[in-house]
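What follows is a set of notes on a single structure, which appears directly below.
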There are 2 protein chains.
Amino acid sequence: MSGQTRTLTLADVAAAAGVSLSTASLAFSGNKPVSEVTRERVLAAAATLGYSGPNLLARNLRQGRSGVVGIAVGKLSTAFQDPAALPMMDAVSQVLGSAGMGLLLMGDDDGHARLPLDAVIYAVCGRDTWAAYDDLVVRDVPVVVVDGPSWAGASLVDVDHRAGCVDLGAHLHGLGHRRVATVTLEASHPQRERDAGLREVFPDAVTIGACPSDLAAAQSLAGTYLAERPDVTAIVCQSDVQAAGVVLEARRRGLAVPGDLSVAGFDGVPTPWLDLVLTTVVQPLAEKGRATADAVLKRIEGEDVADVVLPVELRVGDSTGPA
Amino acid sequence: MSGQTRTLTLADVAAAAGVSLSTASLAFSGNKPVSEVTRERVLAAAATLGYSGPNLLARNLRQGRSGVVGIAVGKLSTAFQDPAALPMMDAVSQVLGSAGMGLLLMGDDDGHARLPLDAVIYAVCGRDTWAAYDDLVVRDVPVVVVDGPSWAGASLVDVDHRAGCVDLGAHLHGLGHRRVATVTLEASHPQRERDAGLREVFPDAVTIGACPSDLAAAQSLAGTYLAERPDVTAIVCQSDVQAAGVVLEARRRGLAVPGDLSVAGFDGVPTPWLDLVLTTVVQPLAEKGRATADAVLKRIEGEDVADVVLPVELRVGDSTGPA
DNA sequence: TTGTAAGCGTTATCAC
DNA sequence: GTGATAACGCTTACAA
């Protein structure tokens, strides 16, 4: 054919339809009433020319938003391995999606920060990931932090880790347990809060060690500990996956759960490795995600958002019993 | 103070620094040489005014790109539960990130399509998710499909599912297995290819059923089947997670693996549920991700990209033995 | 090395 | 309900 086809613009469509640029714009956006007949004329013209709708980059500039929300998750393969992360992210994505916005994954590596984000969520990510935070503040990008800690200028969505662990501790104490050990997550806000909660009931709880929410890691940690035949009657873990690992390891060593050893977790996620119901603290994961997305949307609109701390619920299962 | 602070623009900075707009732009982008002294002057002026760098939305419009690549993954919580998905996504994100681009999650729900994406990756997602495809073609958005099937106008990154399963089948045949059954994934390109590969060696393989790559699902499927005390000597699964489920279920029913029953998988991912090394077909997951990202970047540059089919490798573990 | 000027393709404000 | 016009804030030929 003949030469380069210049990109089609709304002006071309307007011309072809014999209407003004602004009318054509309205025909597409519907932001103001347009007579049915002219609107059809515009759409017809667009179809004829092969115009695929208003340029989104131009619209973004004009409206001052990108429609994209970043979510800092540290290393992807780590973050998503945590079964507690998924239902939350799912809810976030869903709520954002129905507002026409998208969720962009920010690794801990690099330059995602050079993208025009309307807001950023900090979730399931370690301390190091916070480096870019100051930059965001400078650029006035709203920030929502999930699972704390509270951060100047950022909105917070959290669950009541501490109360949950207090309840769990009380449950064990009620069953007669007195010598308790704990497996913790790596240093973080949830880790500190959960530990503090447990220690309100068992100040002298023995810390077995810290590890990620990973089955194998928890198993090996528990293995070394149980090998010494300690006299604890219960082990409290800071995640269900850890708890599953401890249960498996205890059984491997001939300990009955909960007969010889009670084991408890945190999160309330499925544990397909086990044939029993774990005693745990159930987080409202989907609600956490929705609350996060709501906070993001409000902050983008410039509204103030109060911090949110969602309640958790103790679920008594089959993994804990009398001391 | 006095009234509304109009947003700071590069023009303000240029004025304050006593240079032209274009010089100020270059001082920030470095796209052309600027004398050290003027560049410092510009940056100083920016710092004084509290200017946080060029508006990214404006830059996007000007350059005709958003810096964002969408990845269609169906339902998040399903997609990321598959351990094979993570290392791949990780690699994609990393490569894109180092090119200054970000990865946006597209759920199967909705309107993420109204975001200005520079390209879209279709991965780990079922058939239904392809609905938006035509729209992308119309808008000339490059598309890269991972794990097939090949699609008109889209680039393809795949692994040689079929050859891998032929090798696996040969391995079992060599061990003397003749009566073989298989657990498949739900209908998809990988599912069909893997099945076809197996049937090149065992045309009469019994299909136990299809299920997601989920431990519990595979366990229950295997349970029903094994209850009938079939005379098969080996079960080939289309994923390692399924294979793990089958192993656990077989043992639960008193069958020794590989003594009474050989079990094989596909993927080459960790199976923390098992204390044996699974015989499986190992995919180069990270490389798959890198190839995908490379294809995306090239397509965005307008280059043509040849389809890629990566080789896989049979790993003989402890889950298969003589018939 | 620096300055001038022309867009990038919309949407929003205002008058008609 | 429709039309003119002014931003939105930047990058990049091209000229000096």
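No experiment lies behind these values; they were computed from the predicted model shown. When reading the values below, keep in mind they use all heavy atoms of this one structure, side chains included, and skip hydrogens, waters and symmetry mates. Letters A, B, ... are given to chains in the order of the sequence lines, protein chains preceding strands, and every chain is numbered from 1.
With hydrogens and angles left out, the side chain of B/S22 and the base of C/dT4 share a donor-acceptor pair within 3.5 Å. The base of D/dG1 is not paired with the side chain of A/S35 by any donor and acceptor separated by under 3.5 Å.
Comparing D/dC10, C/dA12, C/dT10 against the side chain of A/L10 picks out C/dT10 as the nearest. Of the candidates D/dG9, C/dT2, C/dT10, C/dT10 carries the atom nearest the A/P54 side chain, counting heavy atoms from C-beta on. Side-chain atoms of B/K32 lie closest to D/dC14 of the nucleotides D/dT2, D/dC14, D/dC8. Side-chain atoms of A/L26 lie closest to D/dT2 of the nucleotides C/dG9, D/dT2, C/dG3. Checking D/dC8, C/dG3, D/dC10 against the side-chain heavy atoms of A/R62 singles out D/dC8 as nearest.
Using a 4.0 Å heavy-atom distance criterion, A/Y51 is classed as a sugar-phosphate-only contact. Nucleic acid contact for B/S29: none, since no nucleic acid atom lies under 4.0 Å from a heavy atom of the residue. Nucleic acid contact for B/T7: sugar-phosphate only, since backbone atoms but no base atoms lie under 4.0 Å from a heavy atom of the residue. Residue A/N31 is classed as a sugar-phosphate contact, given heavy-atom separations below 4.0 Å to backbone atoms only.
Rounding to whole angstrom units, CG of residue A/D12 and P of C/dC8 are separated by 11 Å. Atom CG in A/L8 sits roughly 14 Å away from atom C1' in C/dT10 (whole-Å rounding). Rounded to an integer number of Å, the gap from CG of B/L56 to P of D/dC10 is 9 Å. For the pair A/L61 CG and C/dA12 C1', the computed distance is 13 Å after rounding to whole Å. Residue B/Q63 contributes atom CD, which lies 11 Å from atom P of D/dA13 at whole-angstrom precision. When rounded to the nearest whole Å, the span between CG of B/L57 and C1' of C/dG9 equals 13 Å. Rounding to whole angstrom units, CG of residue B/L21 and P of D/dA15 are separated by 19 Å. If you take CZ of B/R41 and C1' of C/dT1, they are 12 Å apart, rounded to a whole angstrom.
Counting only distance, with no hydrogens or angles, the side chain of A/D12 and the backbone of A/T9 share a donor-acceptor pair below 3.5 Å. Proximity of a side-chain donor or acceptor of A/T292 to a complementary backbone N or O of A/K288 within less than 3.5 Å is detected. Between the side chain of B/T48 and the main chain of B/A46, no donor-acceptor pair closer than 3.5 Å is present.
Ring orientation note: the planes of B/F80 and A/F80 are close to parallel, at an angle under 30° on the 30°/60° scale.
Side-chain N/O atoms of B/T38 include one lying less than 4.0 angstrom from OP1 or OP2 on C/dT2. Considering only side-chain N and O atoms, B/S20 lies nowhere under 4.0 angstrom from the phosphate OP1 or OP2 of C/dT2.
With a 4.5 Å cut-off on side-chain heavy atoms, B/L310 and B/D158 do not count as touching.
Of the two residues contacting DNA chain C, namely B/V37 and A/A11, the nearest-nucleotide position lying further toward the 5' end is that of B/V37.
If you check the side chains of A/S22 and A/S25, you find no donor sitting under 3.5 Å from an acceptor.
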